[in-house]
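The sequence lines fix the lettering, A, B, ..., with proteins before strands; numbering per chain opens at 1.
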Number of protein chains: 2
Amino acid sequence: MRILVVDDDRDIVESISLFLSAEGYSVLKAFNGLEALEKLNENTVHLMILDIMMPQLDGIKTLMKLRQSRNIPVILLSAKSEDADKILGLTAGADDYVTKPFNPSELVARVRSQLRRYTSLGSIEKEKNYIVTGGLAIDTESKTVKLDGEKVRLTPIEYKILELLAKNKGRVLSADEIYRKVWNEESVVGDNTIAVHVRHIREKIEINPKEPRYLKVVWGIGYKLD
Amino acid sequence: MRILVVDDDRDIVESISLFLSAEGYSVLKAFNGLEALEKLNENTVHLMILDIMMPQLDGIKTLMKLRQSRNIPVILLSAKSEDADKILGLTAGADDYVTKPFNPSELVARVRSQLRRYTSLGSIEKEKNYIVTGGLAIDTESKTVKLDGEKVRLTPIEYKILELLAKNKGRVLSADEIYRKVWNEESVVGDNTIAVHVRHIREKIEINPKEPRYLKVVWGIGYKLD
DNA sequence: CATCGACCACCAGTATCCTCATGCTTTTTC
DNA sequence: GAAAAAGCATGAGGATACTGGTGGTCGATG
């Protein structure tokens, strides 16, 4: 079990780490929100202890960012014990909330408790990467696409094109660009292959292909998703 | 399924939106009662999450206003857990009542539950949106336009422009404004694209395009429908 | 091995969109 | 009230995108 400890106060990070590793947990450290998100991307992390007041990117924002793609337990740490902060934290998706100063043993107990619940639920399997746009949810892990909860069957190429557009949500990609990225080779001039695939995707993800809600054309430029 | 989230605390709106969109729901946001009512008019909304304590127009008043014309499920959100408030809210027409702080997953579960009940009752069929102006009837659900009972074939852009004008019946919209709303991007100067589309629309919905009955020009300002 | 179905590429015809040039109408200016 | 300016309407054509259909490839199936 690997735990990420995030606080801008290095002494606190060190002391928490000490207690956790004494319990047999593997510990990663970060000292602001951005750093935390980096570590999360680069490592398998099972739980995060997160301070709220931090420079760069505060705890709440970090948490919200995290929750866009992942579901691991997060214990918030804060000096404020006011209800409003607690509410905000829990609403933003925290699993627990501990106010400073705290008893290290209590923190460890809470960590154990969260991990127990988390692993027992088999959620560890569910660590996935989602890209969401309106009612369209793309799971880049299992390569599946859901529309308003309904699974949509796309062919491999269709999926690749959609994922590419989803990863560049809002940005317009020309047919050429799409061809290069999906096929990994130069496109031929006078080819409307992309257009045909776009039509097929639309037939599957748009209610009314004439009025695309998601996959839109930008005249003379290319396609975009938004 | 589109959900409107209303709270004056932007952080809360953001976090709720996050959880909902991860579930594949399309989300709209508003930060006070008036704004909420506007969004409700301009969009097809299937459920609303509504905070009670808000400036401008509070949640209860907003709810009562809404209930004069529509029947979608509404989940009230409040910091107060007193029975009196709960009763007041439910009496005013709310379908559920959640007190802060709440567990996001619980809220999502309640949303799902309300939507299930709502859609299973077939109420969603009744939420058809018609805009009628004289002999002109626009069905925003099927994106079709009828003129004196006859179906009119409009191209997607033509339809969008007409729908936009219809939703703002009587109000004058400048070419710029129309461009921004329909294309979702800034307009270019010295462009008479809108004028051309307006002509095409007129050719289809007006008997005598020279003397428009519906789509009228307001000199120096823009176009309007009435 | 033959058959079938899924998937993909390509083509040609059609629809849609935008631009340009120009004519017309209203407003402003003198 | 006439000329100038500004705003809108019109017609036509080229560029771009969409659509339906055809044929080819490939792997699965019997």
query = So, for B:L165 and B:Y223, which heavy atoms are closest and what is the spacing to 0.1 Å?
reply = CD2-O, 3.7 Å
ask   = Which part of the nucleic acid, if any, lies within contact of A:Y223, taking any heavy atom under 4.0 Å across all strands shown: a base, the sugar-phosphate backbone alone, or nothing?
value = sugar-phosphate
inquiry  = Under 4.0 Å, heavy atoms only, any strand: does A:V198 hit a base, just the sugar-phosphate, or nothing?
reply    = nothing
Measure from the side-chain heavy atoms of [X] and tell me the nearest of [options].
| X | options | value |
| --- | --- | --- |
| A:V196 | C:dC11, D:dC18, D:dA9 | C:dC11 |
| A:A195 | D:dC18, C:dT19, D:dA9 | D:dC18 |
| A:N192 | D:dT16, C:dC11, C:dC8 | C:dC11 |

query = What distance do A:E206 atom CD and A:L136 atom CG have between them, rounded to the nearest 0.5 Å?
reply = 8.5 Å
Is any side-chain N or O of [X] closer than 4.0 Å to OP1 or OP2 of [N]?
| X | N | answer |
| --- | --- | --- |
| A:T155 | C:dC7 | no |
| B:W219 | C:dT28 | no |
| A:H197 | C:dA9 | yes |
| A:R199 | D:dA17 | no |

query = Do B:V196 and B:T193 come close enough that some side-chain heavy atom pair is under 4.5 Å?
reply = no
task = Take the angle between the ring planes of A:W183 and A:Y179 and call it parallel below 30°, perpendicular above 60°, tilted in between.
result = parallel
